[in-house]
Amino acid sequence: GIDVKGVNANASEPRSINIRGGRSRQVLVLIDGVPVTDQAAINQEFDLRLIAVHQIESIEILKGASSTLYGSGAATAVINIILKKASKDRISGSFETSLGSNSPANSYGNMLADRNQNATISGAIGAFTFLGSFSLTGVDGMSAAKSTTNTEFEADAFYSKNGLLKLGYQLNEKVSVDTFLNYDVFDYDFDGGAFSDSEVNTGNQEQLRVGVRPSYTYTKGKLYLLASLNSVKRGLNQFNSFSNTLDNYQFEGRSLFLDLVNKYEFSKQFQLITGVNYQEHSNQSVTPFGTIDKENANFNTIDPYASLVYISKYGLSANIGGRLNIHNVYGNQFVYDGNLAYSVVKDDNAAVKLLTSYSTAFIAPSLYQLYDGYSGNIDLKPETNETFEVGIDASYKDWLSAAVVYFNRKEVNAIIYDNTTYSYGNSSSDANGIEVQTKVVSSSFLTVHASYTYINRDVLEDFNDYIPANKLVTGIDVIPFENAFFNFTHRNVGERTIFDRYGSFGTVGEDVVLEQYQVLDFMANYTVLEGTVTLFAAATNLLNEDYDDVFGYETRGRNYKIGLRLQF
């Protein structure tokens, strides 16, 4: 049920997340538990290109409406990207480098087109912990847009630098303070649109995140504060074919985030989470078409919330929670959720659990949608989502597990762009579907896993763009010998559509159908010298499938990557 649109396109192209038939604005992205957004973007979407993969330790995904604990934007899922942590017992470091190709299916690029390096050092000196990481990435050799003739389009490059610093101090057994600083910047070339080349369009982005997390642990509980400042600046130089000029665009979104949380455990059966969240956001944009002034384009929210968890001794667990969003522009919004799970079978050989939930969520209109001089609408209402889920989770011994979940989501006051008024407005839509996951551990060296997702949703404006009704993913993990790991992953993605709003590719107001495609990927790694050296390699799109990930833009064909990781 998870699609990252553009992940198979050129590195210079943006990525967006579709989960359970929703859009990127319905997914809340966290970094180490702190929400990240781009308040100068149309939908406040966070640009995933601002994150260095080398600095990520793990990723947690919580599907369904989760605004009770996480606030605005958590309508279809919450993605918590957890960055690497400092070593607490010794000083350690790592260095990783890789080289790869970057080319579409109809041509071949050199093995130096995709270059990555990362260095990390971390450790502890007494009660003080630290981590520093720096990454460099350069990708070239491939055009963003697809050519429909024999004319070869110019390659569009992408270069990024990512710095991460974490410092922590343990005052005593009860009190600790952690801080972080992220600085990410990238420059890129982009084309004039679908099937349209450009040799002059360039862009850049810069992100600065800084924050502190003091915490106090007491008997049966923990109290902590998450405080962060986030600034995202974007610049574009884009050719204007009407005026024959190179236009400049400047965007800056700023956010202040404060979250005071108290977790209290009455007993092993009852836990209570309470908190109050405060946020401030602003948008300053200067474009050839007008200016959005941060003195007007800003808002703040105050959200008190609570969630109670009950875990019984006889297999029943329950959770209920609520949150009141107090928004200074559109007023108050109350959301709530409830979850039930019951283990009908649980012994040494088998386990069967039934689960169900009902949850609500809201999405605040973006500052652009409210205040843009051309398409903004100050009377926009917040979008609300209601999600119902029911499913079963089962396992047998250590070799078989399976899960089936049905979900149904209703969107009320969905925020859309109205083609008749040329401004943003509210409408409604809904989506439902089924997710199936299985895993079979056939032996100590072979594991097979598969997942299938069916999504059915209303056709409303461009909400159906690129969302396949059917998607099947299968994978095989192989450990052929000690310290070696192989993986084959096959993805079969069904037909997708895009709404041809202006008739650019066919008939005005009709869908363009993108054919289904299948991709086979391979990766391997091998560790030597007691894990201090790891050799890794990957081959993506082994079948060299020529398909459309984003209509009118190139898709990566068969490409290779090799790399080395050193731990010390």
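All heavy atoms count here, side chains included; hydrogens, waters and symmetry mates do not.
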**OP:** Can you see which heavy atom on S228 is nearest to which on V34, and at what distance?
**Re:** OG-CG1, 3.1 Å
**OP:** Of all the heavy-atom pairs spanning F362 and V335, show the shortest one and how long it is.
**Re:** CD2-CG1, 3.6 Å
Could you grab the distance from atom [atom1] of [X] to atom [atom2] of [Y], nearest 0.5 Å is fine?
| X | Y | atom1 | atom2 | answer |
| --- | --- | --- | --- | --- |
| N432 | N408 | CG | CG | 5.0 Å |
| S255 | N300 | OG | CG | 12.0 Å |
| I79 | I2 | CD1 | CD1 | 6.0 Å |
| F499 | D511 | CZ | CG | 7.0 Å |
| N492 | N470 | CG | CG | 9.0 Å |
| F445 | F486 | CZ | CZ | 13.0 Å |

When you compare the side chains of [X] and [Y], does any donor N or O come within less than 3.5 Å of an acceptor on the partner?
| X | Y | answer |
| --- | --- | --- |
| Y70 | N80 | no |
| S135 | N118 | yes |
| S395 | S401 | no |
| D47 | Q205 | yes |
| T534 | N525 | no |

Just wondering, do [Y] and [X] contact through their side chains at under 4.5 Å, heavy atoms?
| X | Y | answer |
| --- | --- | --- |
| D521 | H490 | no |
| N385 | Q26 | yes |
| L380 | I415 | yes |

Electrostatic pair [X]-[Y], nearest N-O below 4.0 angstrom:
| X | Y | result |
| --- | --- | --- |
| D549 | R556 | no |
| K63 | E435 | yes |
| D184 | R209 | no |
| K85 | E57 | yes |
| K471 | D3 | yes |
| E411 | R23 | no |
| E265 | K263 | no |
| R323 | D303 | yes |
| R49 | E13 | no |

Subject >> By ring-ring contact (aromatic ring centres under 6.0 Å, His included) - contacts of Y517 (at least two apart) >> reply: Y547
Original post:
Do Y452 and Y454 make the cut of ring centroids closer than 6.0 angstrom?
Top reply: no
Parallel, tilted or perpendicular, judged at 30° and 60°: which one describes the rings of [X] and [Y]?
| X | Y | answer |
| --- | --- | --- |
| F334 | Y336 | parallel |
| Y218 | Y216 | parallel |
| F299 | H281 | tilted |

Subject >> Step-by-step ring-ring contact (aromatic ring centres under 6.0 Å, His included) determination, F551 to Y553 >> reply: CA-CA 6 Å; F551 188 63; Y553 290 82; 9.2 Å; no
**OP:** Please lay out, stage by stage, how Y358 and F388 fare under the test ring-ring contact (aromatic ring centres under 6.0 Å, His included).
**Re:** CA-CA 5 Å; Y358 181 82; F388 168 74; 7.3 Å; no
